[in-house]
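In what follows, a single structure is set out as structure tokens and then discussed.
If you're wondering where the values come from, they're calculated on a predicted model, not measured in any experiment.
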Amino acid sequence: MKKSVLLVCVAVSCLTGSAVRAEELPAYHSSVYFPAQPLPWTAEVYADFGALLAKLEAKATLDPAAIRVTTAAGEALPTRFEPDAQNSARGVVRWSAPATPKAEG
């Protein structure tokens with residue numbers, strides 16, 4: 001089964017820039033794998049960025065506007081973060097996932 005690889009990049013307030021190549025990724029990033037889909041779709045993942053930053057002993061705070069999702073090739077995808085009402089450092093990240101063409105053969 002073919003899978004799409006998407007990178008969920010989380011930048012904290014002390015980091016700037018966009019993720020294009022692996023050496024340009026922010027200090028905090030994660031890979032998420034989804035089954036390939038033949039049509040564009042909206043993907044989502046629940047994330048507790050506060051817990052992740054605490055586990056990594058990060059001294060910075062989350063900048064929700066800096067959350068990015070890219071394809072494995074580095075293409076930035078339209079992304080939206082909807083924080084929890086009780087904790088703004090966790091919530092649902094949604095993005096527009098591109099269609100993945102069916103493999104020939």
Side-chain angles (χ1 to χ4, degrees):
M1 174 192 330
K2 189 171 181 181
K3 292 187 177 184
S4 294
V5 178
L6 302 166
L7 295 176
V8 180
C9 301
V10 181
V12 292
S13 60
C14 63
L15 300 173
T16 60
S18 60
V20 177
R21 293 184 300 243
E23 61 270 10
E24 296 176 356
L25 286 173
Y28 308 106
H29 63 277
S30 176
S31 296
V32 179
Y33 299 88
F34 285 94
Q37 301 292 322
L39 299 172
W41 58 295
T42 300
E44 67 178 49
V45 65
Y46 181 84
D48 187 344
F49 296 116
L52 291 171
L53 292 172
K55 188 174 184 177
L56 296 170
E57 299 179 2
K59 303 296 182 219
T61 59
L62 176 70
D63 177 7
I67 296 171
R68 302 282 185 266
V69 176
T70 67
T71 64
E75 175 189 357
L77 301 174
T79 307
R80 183 179 62 216
F81 176 62
E82 296 176 12
D84 279 352
Q86 293 99 8
N87 185 336
S88 62
R90 64 181 181 217
V92 177
V93 179
R94 288 188 175 90
W95 63 94
S96 297
T100 304
K102 190 173 185 179
E104 297 294 324

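- Shortest non-hydrogen contact noted between Ala97 and Ala43 is CB-CB, 4.3 Å.
- Of all heavy-atom pairs spanning Ala76 and Thr70, the tightest one is CA-CG2, 4.0 Å.
- In this structure, Leu62 CG and Asp48 CG are separated by 10.0 Å, a value rounded to the nearest 0.5 Å.
- Note: Trp95 CH2 to Leu77 CG = 9.0 Å, rounded to the nearest 0.5 Å.
- In terms of the salt bridge (charged side-chain N to carboxylate O under 4.0 Å, His left out) criterion, residue partners of Arg80 (sequence neighbours excluded) are, by chain and number, Glu82.
- Pro64 and Phe81 make their closest contact through CB-CD2, 3.8 Å (heavy atoms, listed as atom of the first residue, atom of the second, distance).
- Between atom CZ of residue Arg94 and atom OG1 of residue Thr42 there is a gap of 8.5 Å, rounded to the nearest 0.5 Å.
- Linking Ile, Leu, Val, Met, Phe, Trp and Tyr residues whenever their side-chain heavy atoms come within less than 4.5 Å leaves Val92 and Phe49 in two separate clusters.
- Listed here is the closest heavy atom pair of Pro38 and Ala99: O-CB, 3.3 Å.
- Between Trp41 atom CH2 and Thr100 atom OG1 the span is 9.0 Å, to the nearest 0.5 Å.
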